Amino acid sequence: MTHSLRSPQDLAAGLLLSVIALGGFWLARDWDVGTLAMMQAGFFPRLVCFLLLMMGLATMLRAVTADGPSVLGWAWRPSLAITAAVLAFAALLDRLGLVLAILALIGIGGFAGRPLRPGPFTALWAGLATGCVAIFSWGLGLPLQIWP
Amino acid sequence: MTDVFANLWLGLGVSLMPMNLLYCFLGTLIGTLIGVLPGIGPVATVALLLPITFYLPPVGALIMLAGIFYGAQYGGSTTAILVKLPGESSSVMTCLDGNAMARQGRAGVALATAALASLFAGVVATLAIAVAGPPLAGVALAFGPSEYVALMIVGLIGAVILAHGSVVKAIAMILIGLLLSMVGTDVNSGQMRFTFDIPQLYDGIDFVPLAMGLFGLAEIILNLEETEGRGVSPAPISRLWPSLKDFREAWPAAVRGTALGTVLGILPGGGATLSAFAAYALEKKVARDPGRFGGGAIQGVAGPEAANNAGAQASFIPMLSLGIPSNAVMALMIGAMMIHGITPGPQIMTKQPDLFWGMVASMFVGNVMLVVLNLPLIGLWVRLLRVPYAYLFPAILVFCCIGTYSLKNDVFDVMMMAGFGVFGYVLRKLDCEPAPLLLGFVLGPLLEENLGRAMLLSQGDLTVFATRPISAGLLAVAAILLALILLPAFRRQREVAFKE
């Protein structure tokens, strides 16, 4: 059977590429293309999206013609914890200052791996906060808010 | 020839100024420090450390970045030898025999061999830059837009060959990089492209959040997934200096590796990885007893180590003289130069000779520093390897966040980095290597501008690429490269090469 799915990973990759390409086409729908001699803002995006769509389709084609690995397990804990930690840092930095933003960052980020015990965690927090204030605020003179 | 020495003399004057010497020292030190950490390769290291160079003068910043780069490269070899964890693909070959030597209690000898071979290679490759840079830049001054387009296509195809896995996916990554580079206001028409009405995107996506997300955050997630935060146990170190016999065996390999690396590094898409692979294959071929390879042959450390350093350094040649990055690290260097308002290309050499030659000469200084620094500090690196990842990754996270924030003092960049981190992780899960994406991102604006200009000049006639001799020649090279990847025999070899 040649039409059964033989490489789920390639199918997923091909779908992702095609969706990005089609999204690009849709966003670029109103931009002026111009002519080959007088390219306008819409020309290059459409060219790139077209090529990307071809690559996406080729990858999907390979998914049914050649054997490949299945999509490997998704590490939910690390990916969610790291993303949440960075977003929390971004949300808190301007409001509560650097020291507490770092607390949130390493506190939430810690769940990506095996969280540290309270003692070492506090030491790490103190060390990182002091180091950052010393380097970025005093050393480089960055206008950082340090305390709430 | 006298010109070369006069230029290097000028450069040495710049790079030996106390402040520049300090930047070079700090760069190699911090670069090694971060590069030694398992799972952080040169690309991630340079991306992580970009922000600390924002506040330096341009010459100092470039000297420091170059130092960070070869420090990271060397740090990667250290982890490859001690714990068999190559920081990136260019030190994969070092793993084989280097780690075997370490397990025989000869870790110190392997590290010293790697350091000395790298030093030799670095010095020779720096001379090659000094000799080959100016003529190449002279050729480049005669380039019109169609030649630039052809050159960039050669570079991008070269990057495709070196990416792991599927060629189609590698091309797709370049295209996504090109798409990302279009975000913002189009310079010609003022049209907003892919901005989603977010004011922070009007000026385009910044290089730093993109690189840090794709390479910093995504790599943390991957490392946590693979090791669950476990530490690694490095091999113990005893004697450091190679014996006379080791030395006699190693130096011809180092010379061969240097020659190979210097030549392959200049090629677009070439650089450290290809050079190291080729050097290992060559050593195995010329050895009287190929069976010893993989079991701790010192030539298997000296050859690839010399080659990857020579290749890494030689890839500065196309970057500095043509303004075309040949790999992801060079793309980062170009990004850094642009942040400092320097446009890489043939004109730097004539317009800012102190910058160009200062950076080239600093490579001599940096390579010497690397050896002086590393041999006594090997014990420290070993201890650093034992630090549990549970302490390391929060520190890296903090650095990523503040580094990105410091670019514009805007938390939007930090959020964007979080997004790119997830995207980078998705790409790796789908077996798409993100390094070509970075190349596409850096080359995007140049490619669009030159393509438009070439077409404007030829009034929309596509044959201009074939009728102008230099662009026709370059496109022929691109076509041959592309044909090579599609050939079944070459394909199999490439797969074998990436398997180990």
Side-chain angles (χ1 to χ4, degrees), chain A residues 9-10 12-13 16-17 20 24 27-28 31-32 35-45 48-49 51-52 55-56 58-59 62 69 71-72 74-75 78-79 82-83 85-87 89-91 93-94 98 101-102 105-106 109-110 112-116 120 124 128 132 135-136 140 142-143, chain B residues 52 54-55 166 168-169 171-172 175-176 178-179 182 186 188-191 193-194 217 220-222 224-225 228-229 389-391 393-395 397-402 405-406 409 411-412 414-415 417-419 421-422 425-426 429-432 444 447-448 451-452 455-456 458-462:
Chain A
Q9 192 188 49
D10 280 344
L16 177 72
L17 299 178
I20 293 176
L27 288 168
W31 305 343
D32 189 8
T35 62
L36 203 51
M38 259 320 254
M39 287 179 196
Q40 298 298 323
F43 186 93
F44 203 54
V48 171
C49 285
L51 292 173
L52 188 60
M55 297 302 137
T59 310
R62 232 174 47 141
V71 181
L72 299 168
W74 180 271
S79 53
I82 299 285
T83 312
V86 174
L87 290 177
F89 177 88
L93 185 61
D94 288 340
L98 182 66
I102 288 182
L105 179 64
I106 65 175
R114 211 168 293 146
L116 292 167
L124 182 67
L128 286 174
C132 285
I135 297 174
F136 291 96
L140 297 175
L142 222 63
Chain B
I52 52 173
F54 291 165
Y55 300 91
S166 153
V168 174
K169 284 179 185 167
I171 298 177
L175 293 170
I176 291 184
L178 292 177
L179 270 184
M182 286 176 225
D186 176 41
N188 292 320
S189 60
Q191 169 84 49
R193 298 195 291 190
F194 306 123
L217 293 187
I220 295 179
I221 301 176
L222 273 175
L224 283 170
E225 174 187 347
E228 289 162 348
Y389 203 57
Y391 290 89
F393 85 83
L397 266 183
V398 169
F399 204 84
C400 284
C401 288
I402 300 191
Y405 176 78
S406 69
N409 296 324
V411 289
F412 180 77
V414 181
M415 291 189 237
M417 175 181 74
V422 175
Y425 180 64
V426 172
K429 280 280 137 186
L430 297 176
D431 202 25
C432 297
L447 191 58
E448 180 174 12
L451 184 65
M455 286 297 95
L456 184 67
S458 74
Q459 299 180 322
D461 182 9
L462 279 171

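Convention: sequence-line order gives letters A, B, ...; per-chain numbering from 1. Computed from a predicted model, the values in this text were never measured in an experiment.
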Residue among B/C432, B/S458, B/S189, B/A172 with most heavy-atom pairs under 4.5 Å to chain A: B/A172
Shortest non-hydrogen contact between A/P45 and A/A28, atoms and distance: CB-CB, 4.4 Å
Heavy-atom side-chain contact between A/I82 and B/L224 under 4.5 Å: yes
Region of B/F412 that comes under 4.5 Å of a non-hydrogen atom in chain A: neither
Donor-acceptor contact below 3.5 Å, side chain A/Q9 vs main chain B/K429: yes
Greatest number of heavy atom pairs closer than 4.5 Å to chain A - which of B/L397, B/D186, B/L217, B/I171: B/L397
Part of A/L124 lying under 4.5 Å from any heavy atom of chain B: side chain
Contact winner vs chain B - A/D94, A/L87, A/I106, A/V48, heavy-atom pairs under 4.5 Å: A/V48
Part of B/N188 lying under 4.5 Å from any heavy atom of chain A: neither
Selection from B/C401, B/S406, B/G444 maximising heavy-atom pairs under 4.5 Å formed with chain A: B/C401
A/L98 side chain near B/I402 side chain, heavy-atom distance below 4.5 Å: yes
Region of A/F89 in contact with chain B, defined by heavy-atom distances below 4.5 Å: side chain
Side-chain touch B/K169/A/D10, heavy atoms, less than 4.5 angstrom: yes
Output field: ring centroids A/W31/B/F194 closer than 6.0 Å: yes
Step-by-step side chain to side chain contact (heavy atoms under 4.5 Å, CB included) determination, B/L178 to B/L447: CA-CA 9 Å; B/L178 292 177; B/L447 191 58; 4.2 Å; yes
Heavy-atom check, side chain of B/I176 versus side chain of A/L17, under 4.5 Å: yes
Part of A/M55 within contact of chain B (heavy atom distance under 4.5 Å): both
Donor-acceptor pair, side chain of B/Y391 and main chain of A/P120, under 3.5 angstrom: no
Options B/M415, B/Q459, B/M182, B/M417, ranked by heavy-atom pairs under 4.5 Å with chain A, top entry: B/M182
Option in A/Q40, A/M38, A/M39 with maximal non-hydrogen atom pairs under 4.5 Å from chain B: A/M39
Winner by heavy-atom pair count (cut-off under 4.5 Å) against chain A, out of B/G190, B/G452, B/A418: B/A418
Residue A/S79 versus chain B: region with a heavy atom under 4.5 Å: both
Chain A contact via B/Y405 - which portion, at a heavy-atom distance below 4.5 Å: side chain
Among B/I220, B/L451, B/L462, B/I52, residue most engaged with chain A (heavy-atom pairs, under 4.5 Å): B/L451
Interface moiety of A/L52 toward chain B, non-hydrogen atoms closer than 4.5 Å: both
Side chain proximity check, A/I20 to A/L16, heavy atoms < 4.5 angstrom: yes
Heavy-atom closest pair, residues B/L430 and A/A12: CD2-CB, 3.6 Å
Contact winner vs chain B - A/A37, A/G110, A/C49, A/P115, heavy-atom pairs under 4.5 Å: A/A37
